[in-house]
Amino acid sequence: MTKVTKREFLIVATGAAAAALVGTPNVALSAERVQARIDEFLGGQTAQEGGLTLEMPEIAENGNTVPLSVSVDGEASENRYVESLLVLADGNPEPGVATFHFTPMSGEQRAATRMRLAKTQNVVALAKMNDGAVMKAETLVKVTIGGCGG
Amino acid sequence: MSRPRVKLPKKAAAGEIITIKTLVNHKMESGQRKDKEGNTIPRLIINSFQCNFNGTPVFSCEIEPAVSANPFMEFTAKVPESGEFEFIWKDDNGDVLSTKKKITVA
């Protein structure tokens, strides 16, 4: 888990360094924003790997509409269900994508939608259970044509 | 915001988990684009969606500008009894669109 924190820190650090070199403050800004959203969601908890699946294509030809599917192992019940599931993208102008809320009535804890990706980037999913436990999954999506307009 | 479309089975067994697919027309203006004069086009997106069954929340989400135009949502629901699903979309202008679908438990 310290590994993840370190890596996140490194992403911010390298982003900042790159920005200093190339003079594009957006890079550092977006990494910082992603980290801020992650920290806010974690609320001091540590995210565990496993139990949460984030499915996206490895290569997206059109960044305007990229399929995204998230699921948490196990059926929802009164005792155990996913309260919130946050999806973030670290290379978009704004990091947030969507926050899904499940209930004991949700059945499988699975959601799918279509999202915009401005460029090749990491997509991060964080799921918080009703007991406070947090899971994390991450995937890199290569984008051929960006999807945020300009 | 127009033409809400929802796909789910008409019948289910008690306690069965069904898949629900929804789609609605909306430009989902991200707030990042500029017009010909270089002015930023203001953000106008669907920012929330929810699904209830007989008044009980099943699934909901907060949506940000990174969700594609004409937002599509797929999720599942457990059907304990016959009843009605309600689907509600809200956008930045405060416009609300909703639709209902009945399901029968045999």
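Residue numbers start from 1 in every chain, and the chains themselves are labelled A, B, ... in the order their sequence lines are given, proteins ahead of strands. As the structure is a prediction and not an experimental result, all values here were calculated from the model.
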- Report the option among Pro57(B), Ser60(B), Cys51(B) that has the most heavy-atom pairs separated by less than 4.5 Å from atoms of chain A. Ser60(B)
- Do Met1(B) and Ile63(B) share a hydrophobic cluster, counting only Ile, Leu, Val, Met, Phe, Trp and Tyr and linking them when any side-chain heavy atoms are less than 4.5 Å apart? yes
- Heavy-atom closest pair, residues Arg116(A) and Lys27(B): NH2-O, 3.5 Å
- Examine whether an atom of Thr56(B) lies under 4.5 Å from a heavy atom of chain A, and if so say whether it belongs to the side chain, the backbone or both; otherwise answer neither. side chain
- Electrostatic pair Arg37(A)-Glu64(B), nearest N-O below 4.0 angstrom: yes
- Query: Could you state the interatomic distance from CZ (Phe75(B)) to OG1 (Thr113(A)), rounded to the nearest 0.5 Å?
  - Reply: 11.0 Å
- Query: Residues two or more places apart in sequence or in another chain: which of them pass side chain to side chain donor-acceptor pair (under 3.5 Å) with Gln109(A)?
  - Reply: none
- Under 4.5 Å between any side-chain heavy atoms of Gln50(B) and His101(A), yes or no? no
- Report the option among Glu94(A), Arg114(A), Met115(A) that has the most heavy-atom pairs separated by less than 4.5 Å from atoms of chain B. Arg114(A)
- Message: Check for me, please, whether Leu85(A) and Met56(A) land in the same ILVMFWY cluster - side-chain distances under 4.5 Å, paths through other members count.
- Response: yes
- Do Phe72(B) and Val97(A) share a hydrophobic cluster, counting only Ile, Leu, Val, Met, Phe, Trp and Tyr and linking them when any side-chain heavy atoms are less than 4.5 Å apart? no
- Message: Could you check whether any side-chain heavy atom of Met105(A) comes within less than 4.5 Å of a side-chain heavy atom of Pro80(B), counting everything from C-beta outward?
- Response: yes
- Query: Judged by atom type as modelled, is there a donor-acceptor pair below 3.5 Å linking the side chain of Thr99(A) to the main-chain atoms of Cys61(B)?
  - Reply: no
- Query: Checking Ser106(A) side chain against Val58(B) main chain: does a donor-acceptor pair fall under 3.5 Å?
  - Reply: yes
- Contact part of Pro71(B) toward chain A, heavy-atom cut-off under 4.5 Å: side chain, backbone, both or neither? neither
- Main-chain N/O of Ser68(B) paired with Thr65(A) side-chain donor or acceptor, under 3.5 Å: no
- May I ask whether Ile45(B) and Leu97(B) are part of the same hydrophobic cluster, defined by side-chain heavy atoms of I, L, V, M, F, W, Y residues being less than 4.5 angstrom apart, directly or through others? yes
- Item | Phe59(B) reachable from Ile17(B) in the ILVMFWY side-chain graph, under 4.5 Å edges | no
- Measuring heavy-atom distances to chain A, does Leu23(B) have an atom under 4.5 Å in its side chain, in its backbone, in both, or in neither? side chain
- For Phe41(A), enumerate each residue passing the ring-ring contact (aromatic ring centres under 6.0 Å, His included) test, keeping only those at least two apart in sequence or located in another chain. none
- Message: Which atoms of Ala89(A) are under 4.5 Å from chain B, going by heavy atoms: the side chain, the backbone, both sets, or neither?
- Response: neither
- Region of Phe49(B) in contact with chain A, defined by heavy-atom distances below 4.5 Å: neither
- Non-hydrogen atoms of Ala66(B) and Gly96(A) that approach each other most closely: CB-O, 3.5 Å
- Message: Quick one, Arg110(A) and Thr19(B) - any side-chain contact, counting heavy atoms below 4.5 Å?
- Response: yes
